[in-house]
Structure formats: C-alpha cells, structure tokens
Amino acid sequence: MRGRVVKLDRGYPLVRLEDGTEVRCEHAVALVKTKEHRAVIGDEVEIELPEGHDKGRIVEVSPRRTSFVRKDPTERALPQTLAANFDLVLVAQPFDQVNTRRLERELVLAHETGAEVVVVLTKADLLTDESQAKAVLKSIEGFVGNDKVMVLSGEDRASIDAVADLIADGDKVAILVGRSGVGKSTLVNMLVGYELQKTTEVREDGKGRHTTVSREIIKLPRGGYIVDMPGVRGLGLWDAEEGIGAAFSDVEELAASCKFRDCSHTNEPGCAVQAAVADGSLATHRLESYLRLKDESAEVRRRRTEAERIRTRRGHPRRRR
C-alpha cells in the first residue's frame, strides 16, 4: 500500500494512504539501520500492515523530487533530510530583527532543494515608522539576490492573503523554515484562519523558544499545503554548490567574466568580481559571504570524501543521500 508521510513527531510517522486512511507506522529494520533512508515529512512510502500489529510498517521510501538537507549536526560527515517532495520554500525572518548571515545560509540551503524560494519578513507590524521599514528592506537588498521578498503583518490581511494565494497557485506544498521565534506558527495560524499552532513569546535574550516540535502537512483553505518546520538552529551546508550558485547568482555572473577560469576572486589580475567591488556595484560583504560559504562547502566535501574512504576501507557500503 502506498501513502505519504503527513506528520512526523517524536513518536511514529503518520502515513495517509491513497484512500485517505491514516496509519501510524514504524520503520522496517532495514531502514532503521541506515537512518538516512528513514522517511521524513512529505515522503512517498510503501507500507505493509502486519497481522497482529497495531502499527503499519514502512518498507520503502520512494526517490525524492525535492529535499531540504543539512549536514547532520550530530555527525561529522553525514546528511540529515528534514522534508521532502515540496514545491516552495518560505524562508522566514523577523522584519525588525533580520539576521543577514543566517538569511544567506538559509537561502543557500533553500535553493539547493531546486524548489521555488521566497523570503517572508514577518512581524512587520512591529515597525510603525515607514522610513524604518524602508531602511530594513534597503539593507537586505544585497543579501537576497534575485529572490522574491514578501512583507507580512498581522494587521494587514492582504499581506497574509498574498502568501496564501502564492501557495494555492498550482496547489503547492510549501515548507516554512526559520529559527524559533520568528513568527512561523503565527503565520500558519493566520493562513488556516484559526489557532492551529501554539505560539510563545521570544525570550528576553532574543532567542526563540521551540514552539513547534512536530512536522505536519497542513491543508490551507485557499488551496495548497504548508509544513511548519521546527526552529532549526544548525544550518551546516551539504551538497551546497548549486545552492550557493543560485543564492549568489549576481556573484557567479560576474565570475564568468574573470580573466582566469579558476579565479579565487581575491587578488588575481582581471578579476571581474573584485572590479565590481571596487566600483561599488557589488557589496564587499556579499563577496565575503560568498567566499566563506564556498570554503565551507569545499571543507564539507573534503570531510565527506575522507569519511567515505574510511567506510570503504572498513568494508561498510557507501551511504547515499
């Protein structure tokens, strides 16, 4: 029997079968042994219903068309998939406290999925001064590249409806990512029209509390679905070259005109990127972020290669993503 994982919490995956029946499931032993193959929210799975068991058993996870992957924060060189088979990534940041370093990293991971990416700036109602709001938007222009930016306010229903319409277009599945306390659960509540998700205030030290502890595919009244992801602290890169290229398309376009194909964009003659920094058309911080993330991605690849070599030497099969 085939179905889709529609909820994932600290217990067992909830699978909705093709006939609409929902079944709590556990993983087959073969999947448990290699945790990269465990089902995540959005996965299409094959299950069986063993006689005498009160739960179904997931025996196969279908190939994923999109997936949100980070480096496993508990492992040295392994991936962790957080969601699969979605069409849109909504990257949430609070309008009054945009963390540009984190935003760039979130955009790299979002673009790596291959899905559509939109930045949503929440809590705009906290900025009552229009000039202050314009200053915030101006300040992030160099960080979001060509990505669409939507400003959301609880006092402006039209801004919420615009997000709802975006998701409803084509009946998309959207995932909502961002650190705890940025207003993700509040946005979900406004999209569904009632308090579905519990919300809490941000602590006095500015750090968000973990409100959402489970992942669930939520159907929206206007059409489409949304997954409110628990606040993710660690955003280690994994297979990030395409994501960096998409999130920093402005830098990559300039790099195509460099004199040397292997230009490091530091001190080589004929570097189009450095020339753009010199004439002010590319912000210095933009290039610094690009180089920093490229270095991190290269280091992750090096560690992965070393880890795979060690596993092969020990006789363990190569793990796939």
| field | Validation row: Leu121, Pro94 side chains within 4.5 angstrom (heavy atoms) | value | no
| field | Any side-chain heavy-atom pair of Val227 and Ile218 under 4.5 Å | value | no
| When you check the gap from the basic side-chain N to the acidic O, do Glu296 and Arg105 get nearer than 4.0 Å? | yes
| request: Mind listing the closest non-hydrogen atom pair of Leu166 and Glu116 along with its distance? | output: CD1-OE2, 3.9 Å
| task | Drop me the distance from Thr186's OG1 to Ile160's CD1, to the nearest 0.5 angstrom. | result | 9.5 Å
| query | Counting only N and O atoms by type, is there a donor-acceptor contact under 3.5 Å from the side chain of Arg222 to the main-chain atoms of Ala168? | reply | no
| Do any N or O atoms from the side chain of Arg57 and from the backbone of Glu26 form a donor-acceptor pair under 3.5 angstrom? | no
| What are the two closest non-hydrogen atoms of Ile41 and Leu82, and how far apart are they? | CG2-O, 3.5 Å
| NZ/Lys7 to CD/Glu216 distance, rounded to the nearest 0.5 angstrom? | 4.5 Å
| message | Let me confirm one number: the CG-SG distance from Leu14 to Cys25, rounded to the nearest 0.5 Å. | response | 8.0 Å
| task | For the residue pair Tyr290 and Glu252, establish whether any side-chain heavy-atom pair is separated by less than 4.5 Å. | result | yes
| said: Donor-acceptor pair, distance only, cut-off 3.5 Å: does the side chain of Gln274 make one with the backbone of His265? | reply: yes
| request: Decide yes or no on side-chain contact (heavy atoms from CB on, under 4.5 Å) for Ile217 and Ile226, but give the supporting numbers first. | output: CA-CA 6 Å; Ile217 296 179; Ile226 192 166; over 6 Å; no
| query | If two hydrophobic side chains count as joined below 4.5 Å and joins carry through other members, does Leu17 share a cluster with Val59? | reply | no
| request: Report yes or no: do Ser264 and Glu268 form a side-chain donor-acceptor pair below 3.5 Å? | output: yes
| What heavy-atom pair brings Gly42 and Asn85 nearest, and what distance separates the two atoms? | O-ND2, 2.9 Å
| task | Taking Asp43 for its side chain and Val45 for its backbone only, find out whether a donor-acceptor pair lies under 3.5 Å. | result | no
| said: For Val182, is there any backbone N or O sitting under 3.5 Å from a side-chain donor or acceptor partner on Lys123? | reply: no
| said: What I'd like to find out is whether the side chain of Val151 reaches to under 4.5 Å of the side chain of Leu137, using heavy atoms alone. | reply: yes
| message | Quick test of your reading of the model: are Arg2 and Asp19 salt-bridged, counting only N-O distances below 4.0 Å? | response | no
| query | Just how far is it from atom CG of Leu176 to atom CZ of Arg215, taken to the nearest 0.5 Å? | reply | 13.0 Å
| Is the side chain of Ser281 donor-acceptor paired with the backbone N or O of Ala276 at a distance under 3.5 Å, no angle test? | yes
| Are there more than 12 heavy atoms of other residues, nucleotides or ligands under 6.0 Å from atom CZ of Arg101? | no
| task | Take Arg303 and Glu299 through the test salt bridge (Lys or Arg N to Asp or Glu O under 4.0 Å) and record every step on the way to the result. | result | CA-CA 6 Å; Arg303 291 185 179 183; Glu299 176 62 15; 3.1 Å; yes
| said: How close do Lys55 and Pro50 get, counting heavy atoms only, and between which atoms? | reply: O-CD, 3.8 Å
| field | Carboxylate-amine/guanidinium contact Glu241 Arg301, below 4.0 Å | value | yes
| field | Arg4 to Tyr225 six-membered ring, cation-pi geometry met (6.0 Å, 45°) | value | yes
| request: Please name the pair of heavy atoms, one in Leu8 and one in Ala39, separated by the smallest distance, quoted to 0.1 Å. | output: CD2-O, 4.1 Å
| said: How long is the straight-line distance from CG of Asn267 back to SG of Cys271, given to the nearest 0.5 Å? | reply: 9.0 Å
| message | If you apply the rule side-chain contact (heavy atoms from CB on, under 4.5 Å), what do you find for Cys263 with Val273, and how did you get there? | response | CA-CA 9 Å; Cys263 184; Val273 177; over 6 Å; no
| Just by modelled atom types, is the Gly223 backbone N or O under 3.5 Å from a matching donor or acceptor in the Asp171 side chain? | no
| query | NZ of Lys148: more than 12 outside heavy atoms within 6.0 angstrom? | reply | no
| field | Verdict with reasoning, Val91 to Leu103, per side-chain contact (heavy atoms from CB on, under 4.5 Å) | value | CA-CA 8 Å; Val91 178; Leu103 175 59; 4.0 Å; yes
| said: Under the criterion side-chain contact (heavy atoms from CB on, under 4.5 Å), I'd like the reasoning laid out for Arg102 against Leu107: C-alpha separation, chi angles, the key distance, then a yes or no. | reply: CA-CA 9 Å; Arg102 181 182 174 94; Leu107 288 174; over 6 Å; no
| Which value, rounded to the nearest 0.5 Å, describes the distance between Leu187 atom CG and Leu90 atom CG? | 7.5 Å
| message | When you measure from the side chain of Thr113 to the backbone of Ala110, do you find a donor-acceptor pair of N or O atoms at a distance under 3.5 Å? | response | yes
| request: Using a 4.5 Å cut-off on heavy atoms from C-beta on, say whether the side chain of Pro13 contacts that of His27. | output: yes
| query | Quick one: is the NZ or CZ of Lys172 closer than 6.0 Å to the six-membered ring centre of Phe86, and within 45° of its axis? | reply | no
| Arg157 atom CZ: more than 12 heavy-atom contacts under 6.0 Å | yes
| field | Closest contact, heavy atoms only, Lys259 versus Pro269 | value | CB-O, 3.9 Å
| Are the side chains of Val15 and Glu22 in touch, meaning some heavy atoms are under 4.5 Å apart? | no
| task | Flag the pair Glu104 / Arg286 as yes when at least one side-chain heavy-atom distance between them is below 4.5 Å, and no otherwise. | result | yes
| field | Any side-chain heavy-atom pair of His53 and Glu48 under 4.5 Å | value | no
| said: Just by distance, no angles: are the side chains of Thr81 and Arg38 close enough, under 3.5 Å, to form a donor-acceptor pair? | reply: no
| Quick check: does any side chain N or O of Asp147 sit under 3.5 Å from a backbone N or O of Val119, one acting as donor and the other as acceptor? | no
| query | Within the distance-only criterion (no hydrogens, no angle test), does the side chain of Ser289 pair as donor or acceptor with the backbone N or O of His285 below 3.5 angstrom? | reply | yes
